[in-house]
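When reading the values below, keep in mind they use all heavy atoms of this one structure, side chains included, and skip hydrogens, waters and symmetry mates. Each chain gets a letter, A, B and so on, in the order the sequences are listed, and its residues count up from 1.
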Amino acid sequence: MKNLKPVLIYVKNPTVIATGIALLLLVVGEFRAPGFAKFSQIINMLTVASFLGIVAAGQNLVVLSGKGVIDLSVGKMVTLGAILGGAIANGMDSGVVLAFMVVMIVTFSVGILNGIGVTLIGIPPLIMTLSMGIVVESMSRFVTGGLAVKGATPIMSTIVTGRFLDIPGIIYIWIVFTVLMIFFQNNTRFGMSLYNMGNNDEAARLSGLNVTWLRITTYGLSSMLAGLAGFFYLGYLGSIYNISLGNKYTLASVVAVVVGGVSLSGGKGGYLGVAVGCILLQFLESFLTVQSIPPWGREVIMGVTLLVLLTAYAREKKLRQ
Amino acid sequence: MIPLLKLKGVSKRFGGVHALRQCNFSLQSGEIHFLIGANGCGKSTLSKIIVCALEKDSGEILYNGNPVNFSNPGDARQAGIDVVYQELSLIPDLSVQENMFLGSRNQGKLGFTDTKAQEKICRAALERFKGVVSENLTPDIPVNRLTADERQIVEILKVFIREPKVIILDEASSSLHSTQVEILFNLVRELKEKGHSVIMISHKMKELFEIGDRATIIRNGLTVATVELKESSHEEIVTHMVGEQYFSADKINRVPKDEIFLTIKDLSAGKLKDINLTLFKGEILGLSGLQGQGQSELLLTLFGGHPEYKGDLFLDGKKLNLRSPAHSVRDGFAYISGDRKSYGVFPVRSILENTVLAYLKKTGRKFFSRKSLRSEVLPILERLDLIYDNLDDSISQLSGGNQQKIIIGRWLMTGPKVILMDDPTKGVDIKTKEELYALMKELCDTGVSIIWNSSEDQEILRNADRVLVLNDGWIVDELREDRLSEYELYKAAMA
Ligand SMILES: Nc1ncnc2c1ncn2[C@@H]1O[C@H](COP(=O)(O)OP(=O)(O)OP(=O)(O)O)[C@@H](O)[C@H]1O
Ligand SMILES: [Mg+2]
């Protein structure tokens with residue numbers, strides 16, 4: 001019994017649970033539809049998951065920085081990143097660097113506005129970011145209306161989909177990104193501050209942190225990462241097919257964050273769990289697709305999975321007390 | 001006479017920590033029984049085990065002579081045993097009344113809540129504390145609008161209105177002002193007269209001898225002695241507590257340097273009016289008077305909590321701008337509050353993270369390796385004699401007093417010039433208190449200055465070089481040397 005305890009704690013860790021379920025899905029998927037867990041198939045699923053991975057990183061930072069703090073504008077920001085990138089590069093490789101810079105700066109600035117609204121003006125995060133999403137969508141409309149938006153330039157496609165050792169570039173990018181995120185959360189003052197202020201805002205302020213500034217910057221980062229994901233997503237898709245292309249990422253990023261063990265009441269949860277959460281979601285979606293389950297059925301199953309996981313995590317918290 | 005409650009050989013472990021080993025304890029009807037011991041000796045654990053908020057590993061509990069096996073605190077409450085926990089348990093968004101009746105069976109017909117009847121009980125209960133709490137404290141105010149002491153009072157009343165046979169008060173008086181403590185003691189005495197029993201946990205010796213009948217002393221998870229308080233002494237109890245002969249230190253008259261360090265001219269902010277003071281290098285300056293006369297506000301203002309203040313301040317000849325805590329930290333201030341739950345701890349974060357944040361900010365370090373941080377905090381935690389298992393454990397696993405040590409450690413790491421302390425020894429045991437006093441003096445000898453607000457008059461009179469008495473936001477008197485006495489203090493405070 002005594003020796004079992006550390007093992008139990010380990011098994012109750014959200015990252016471990018999520019990893020376990022993801023592996024289980026692979027096994028069951030392979031069993032039901034041979035070829036599901038083939039190397040090339042797994043790589044395909046990871047490729048699709050990587051965009052969510054980058055968006056969810058921003059959501060991760062925002063959510064852990066405080067109780068009820070959330071960013072529901074990320075989906076629209078993904079679209080903006082893709083459209084703006086395409087419009088400025090205008091199909092020419094020579095314009096890619098400029099396009100990248102503009103996307104980063106614009107999305108970061110819009111995120112800063114989110115942060116200012118939430119902190120200095122005191123608008124609830126839910127309302128602020130949802131409204132900002134509407135504004136961002138109009139910006140995307142304006143860009144597509146005003147300029148004829150070309151698709152990805154050759155180099156953009158190469159960076160994202162070009163393969164080295166049979167693995168597309170975006171996966172390498174995601175791996176490096178994951179390492180950087182984990183370093184950021186564990187080994188920088190900024191990262192540590194987010195956890196502390198998410199846990200006790202007033203105590204963080206009285207330890208000399210500028211909580212307002214930190215929160216504003218975090219919203220900026222979240223938007224910027226969504227914009228970055230959009231920029232890569234354009235490279236993956238090759239062309240922009242419609243204005244709602246990023247919408248699904250809003251909810252998906254929140255789900256991934258929660259599945260990865262980030263507490264919605266702030267102060268807890270790292271990126272490794274979130275990355276696994278993104279992979280799990282993608283595996284689940286692909287699994288349901290190969291099972292030929294219709295879209296509405298997929299959503300029901302996704303919802304139920306989420307509930308089950310949340311219940312498991314809530315139990316874990318209770319056991320520890 | 002069979003005891004009302006009896007514990008035999010109760011043990012409890014948390015991982016590698018033996019919180020309790022073979023504890024024995026017995027409580028008579030109509031008795032006020034204190035549990036005494038150093039921080040982390042297991043007092044809170046023992047009280048939680050009695051009501052099954054924690055499960056015991058082994059041992060037996062008898063209630064009215066019969067073995068009991070509660071499976072949760074609700075069962076214990078049914079049986080008439082109830083606790084006021086050390087960590088407050090109110091729900092911030094609910095009103096005082098809703099909190100008081102949360103989980104209680106005191107309901108109206110058909111299981112619906114009879115809010116009218118509840119309000120009557122609630123008002124009657126609050127009436128007891130009339131005059132020593134603000135007018136704010138009414139049944140319908142949400143708890144998050146109350147001050148720390150008012151919250152504690154609600155927590156106490158919540159349990160008292162049920163009139164349990166056994167009531168456990170875990171450091172319930174530590175955040176109350178002396179006038180409020182008096183009323184609490186009256187409530188306790190009334191229960192005792194009705195034949196009920198009270199178990200009290202406190203680090204204040206004065207309270208122990210004022211109201212207690214017996215005391216059980218716990219050391220390192222062992223119940224080492226139970227004494228009749230009428231026949232015991234302060235020295236005997238502390239000797240049991242620390243396991244060696246103990247004498248409290250005498251007051252040493254220190255001579256601070258004659259070098260002005262901090263000057264405050266005509267400071268007004270919030271409640272404060274025209275504060276003028278000078279602080280010398282290496283001095284301990286006490287703030288006193290009745291509680292809530294602006295002492296806490298003065299400390300907070302100095303720490304950047306009131307950016308709209310008026311007045312001029314100079315530290316070491318340099319003019320200060322108290323815009324935010326971040327600025328004050330940079331200028332060399334540190335702020336230690338006794339209300340660690342609101343202003344101090346990051347409950348789900350590790351001991352390590354709780355210790356280093358201000359230090360990283362002060363030194364401007366943006367990146368770090370956890371390993372090097374560890375080696376940097378170890379000497380400080382050692383100096384504070386912190387008892388812990390692992391630096392990565394969450395701070396919530398520590399006892400109250402040890403959490404407070406971490407907060408102190410957090411600021412010592414920043415190498416402060418002026419330490420602002422608002423009742424920093426709240427919930428800290430007697431021995432650690434003495435160590436902290438010694439530590440403060442040691443710091444002062446190295447040139448640090450301290451401004452210290454305390455709700456314990458004895459503490460401030462014995463340790464401060466000078467005491468400023470505040471009343472309604474004004475400094476009304478300055479006590480030094482011969483005038484550092486309780487008599488002079490009360491005279492000035494009441495004037
Ligand atoms: N949930 C927990 N997990 C791990 N260790 C714990 C837990 N609760 C208490 N402990 C440990 O058990 C010991 C006893 O703690 P307890 O809270 O009973 O002390 P205490 O006597 O009430 O101290 P204080 O006067 O500081 O409140 C401490 O060493 C503490 O770190
Ligand atoms: Mg305790």
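Note that the OH atom of A/Y195 and the CD atom of B/E353 stand 8.0 Å from one another [nearest 0.5 Å].
In terms of non-hydrogen atom pairs under 4.5 Å with chain B, the most contact-rich of A/N186, A/N210, A/L209, A/D201 is A/N186. When the candidates B/G344, B/S342, B/S394 are compared by the number of heavy-atom contacts under 4.5 Å with chain A, B/S342 comes out ahead. Between chain B and the residues A/G191, A/G198, A/G267, the largest count of heavy-atom pairs under 4.5 Å involves A/G267. With chain A as partner, the option from B/L357, B/T414, B/I407 having the largest number of non-hydrogen pairs under 4.5 angstrom is B/L357.
In this structure a side-chain-to-backbone donor-acceptor pair under 3.5 Å is missing from A/R205 to B/P325. The backbone N or O of B/V345 lies less than 3.5 Å from no partner atom in the side chain of A/N199, so there is not a single donor-acceptor pair. When atom types are taken as modelled, the side chain of B/R365 and the backbone of A/R189 share no donor-acceptor pair closer than 3.5 angstrom.
With a 4.5 Å cut-off on non-hydrogen atoms, A/F184 does not touch chain B at all. Contact annotation for B/V356: only side-chain heavy atoms (C-beta onward) come within less than 4.5 Å of a heavy atom of chain A. Residue contact with chain A, scored on non-hydrogen atoms closer than 4.5 Å, involves the backbone of B/K341 exclusively.
When every heavy atom of A/N187 is checked against every heavy atom of B/S369, the shortest pair comes out as ND2-CA, 3.7 Å.
Applying the ring pair (Phe, Tyr, Trp, His ring centres under 6.0 Å) test to every pair with at least one member in residues 332-361 of chain B, sequence neighbours left out, gives these pairs: B/F303-B/Y335. Screening residues 104-127 of chain A for ring pair (Phe, Tyr, Trp, His ring centres under 6.0 Å), with sequence neighbours left out, gives no hits.
Contact annotation: the side chain of B/L373 approaches that of A/M192 to within less than 4.5 Å [non-hydrogen atoms, C-beta and beyond].
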